[in-house]
Amino acid sequence: MKIATFNINGIKARAEALPAWLDEAEPDVVLLQEIKSVDEAFPRDSFEDRGYFVETHGQKSFNGVAILSKLPLEDVERGLPGGEKDDQARWIEATVVGKTAVRLCGLYLPNGNPAPGPKYDYKLSWMARMRDRAAALLLDEIPVVMAGDYNVIPQAEDAAKPEAWVDDALFLPESRAAFRRILHLGYTEAFRTREPRSGHYSFWDYQAGAWQKNNGIRIDHLLLSPQAADLLQEAGIDKEVRGRDKPSDHVPVWIALDA
DNA sequence: ATGGTGGCAACGCCA
């Protein structure tokens with residue numbers, strides 16, 4: 001089962017680039033972030049015509065997550081638990097059943113800039129809530145995949161110019177520590193199991209020729225429960241997507257699971 | 001170098 005995460009930066013703006021990538025990469029499951037659309041305006045037909053089931057959790061203008069799956073999705077849940085006052089659409093869960101059942105979590109973690117400030121406080125509180133949900137998911141002892149735009153650069157080797165990010169919410173020590181606290185519950189960050197570990201990125205800013213200079217960062221991650229990590233066959237980043245017409249500033253990151 | 005680029009949606013906010 002090929003499972004991908006892709007921050008598309010607007011579903012309407014990616015009306016050509018996203019289907020083109022789906023047709024060539026043929027993922028079984030895609031976790032989308034920043035659909036920037038309400039559910040009613042999401043172009044379901046384009047994906048249903050390609051054989052995908054579609055579940056969305058959108059909002060007007062900003063954020064928004066979705067799941068596309070060639071296998072039916074069950075027990076869909078929208079919103080990260082513990083956020084009664086949180087109206088931002090950043091979390092969706094569903095179960096997909098292939099050879100075995102896999103619990104999928106699609107997430108768009110808050111950016112948090114500028115730091116310090118209320119946006120950074122929101123990022124850290126959201127990560128604390130995510131840690132609670134991640135811990136609860138482990139109790140089921142089933143394959144779990146938590147994938148999305150984490151807005152966290154885990155290590156210096158995950159940035160072309162780490163010195164440029166030292167005061168940024170994506171790379172501050174507190175952000176990285178909160179990421180490790182989730183990881184150390186017992187999750188495996190799939191791409192980090194690959195060698196070499198440096199020089200691989202999933203985001204290049206639109207500004208200042210970041211793509212042309214390969215000035216990227218790796219912030220899109222797939223975290224696997226032990227039962228999912230046991231099934232991991234392959235992990236990759238579809239870097240070339242960034243060089244095409246009308247690209248998102250992120251590219252797809254994917255895994256193959258024996259599931 | 002306090003700009004630069006892009007999306008959404010409406011002349012500003014977010015990344």
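Below, chains carry the letters A, B, ... as their sequence lines are ordered, and counting in each starts from 1. Computed from a predicted structure; not experimentally measured.
Checking A:Asp86 against A:Tyr122 by side-chain atom types alone, a donor-acceptor pair falls below 3.5 Å. Residues A:Trp165 and A:Glu163 bring no donor and acceptor atom of their side chains to less than 3.5 Å of each other.
Spacing between B:dG7 and B:dG3 at atom P, rounded to whole Å, works out to 22 Å. Comparing B:dA9 with B:dG4, their P atoms are spaced 24 Å from each other, to the whole Å. Between the P atoms of B:dG12 and B:dA1, the separation comes to 28 Å (whole Å).
Side chain of A:Lys213 to main chain of A:Ala208: a donor-acceptor pair is present (N/O by atom type, distance under 3.5 Å, no hydrogens or angles). Under a 3.5 Å cut-off, the side chain of A:Arg131 and the backbone N or O of A:Ala178 do not form any donor-acceptor pair. The backbone N or O of A:Asp220 sits less than 3.5 Å from a side-chain atom of A:Ser202, completing a donor-acceptor pair. The backbone N or O of A:Asp249 lies less than 3.5 Å from no partner atom in the side chain of A:Asn9, so there is not a single donor-acceptor pair.
By the side-chain contact (heavy atoms from CB on, under 4.5 Å) test, A:Ser175 pairs with A:Tyr120, A:Lys123, A:Leu172, sequence neighbours left out.
Residues A:Arg133 and A:Leu80 come closest through the heavy atom pair CB-CD1, 3.9 Å.
At a non-hydrogen distance threshold of 4.0 Å, A:Lys12, A:Ala13, A:Arg14 from residues 12-21 of chain A come into contact with DNA chain B. Residues from residues 58-65 of chain A with heavy atoms under 4.0 angstrom of DNA chain B, sorted by number: A:Lys60, A:Ser61, A:Phe62. The stretch residues 203-212 of chain A touches DNA chain B through A:Tyr206, A:Gln207, each having a heavy atom within less than 4.0 Å of the strand. Within a heavy-atom distance below 4.0 Å of DNA chain B, the residues of residues 33-47 of chain A found are A:Lys36.
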What do the steps show when you test A:Asn7 against A:Glu34 for side-chain hydrogen bond (donor to acceptor under 3.5 Å, both in side chains), and what is the final call?
-> CA-CA 6 Å; A:Asn7 180 324; A:Glu34 284 206 270; 3.1 Å; yes

Ring pair (Phe, Tyr, Trp, His ring centres under 6.0 Å) between A:Phe47 and A:Phe42, intermediate numbers included = CA-CA 10 Å; A:Phe47 307 109; A:Phe42 192 87; 5.6 Å; yes

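One can place CG of A:Asn7 at 12 Å from P of B:dG7, the figure rounded to the nearest angstrom. Between A:Leu170 atom CG and B:dA15 atom P there is a gap of 10 Å when expressed in whole angstrom units. Atom pair A:Asp249:CG and B:dG4:P shows a separation of 18 Å (rounding to whole Å applied). Atom pair A:Asp245:CG and B:dG7:P shows a separation of 12 Å (rounding to whole Å applied). Rounded to whole angstrom, the span from the CG atom of A:Asn113 across to the C1' atom of B:dT2 amounts to 15 Å. Here the P atom of nucleotide B:dC14 and the CG atom of A:Asn151 are 14 Å apart, to the nearest Å.
Remark: A:Arg176 is positioned above the aromatic ring of A:Phe171, its terminal NZ or CZ atom under 6.0 angstrom from the ring centre and at most 45 degrees off the axis.
Within 6.0 Å of atom CD in A:Glu77, 12 or fewer heavy atoms from other residues, nucleotides or ligands are found, so the atom counts as exposed in its surroundings.
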Counting only pairs under 3.5 Å, give me each side-chain donor-acceptor contact of residues 15-25 of chain A, with atom names and distances, residues two or more places apart or in other chains.
from, atom 1, to, atom 2, distance (Å)
A:Trp21, NE1, A:Asp238, OD2, 2.8
A:Asp23, OD1, A:Arg50, NE, 2.8
A:Asp23, OD2, A:Arg50, NE, 3.4
A:Asp23, OD2, A:Arg50, NH2, 3.2
A:Glu24, OE1, A:Arg244, NH1, 3.4
A:Glu24, OE1, A:Arg244, NH2, 3.3
A:Glu24, OE2, A:Arg244, NH2, 2.9

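Comparing A:Asp149 and A:Lys246 by the nucleotide of DNA chain B whose heavy atom lies nearest to each, the residue mapping closer to the 5' end is A:Lys246.
A salt bridge links A:Glu55 with A:Arg78; the closest basic N to acidic carboxylate O contact falls under 4.0 Å.
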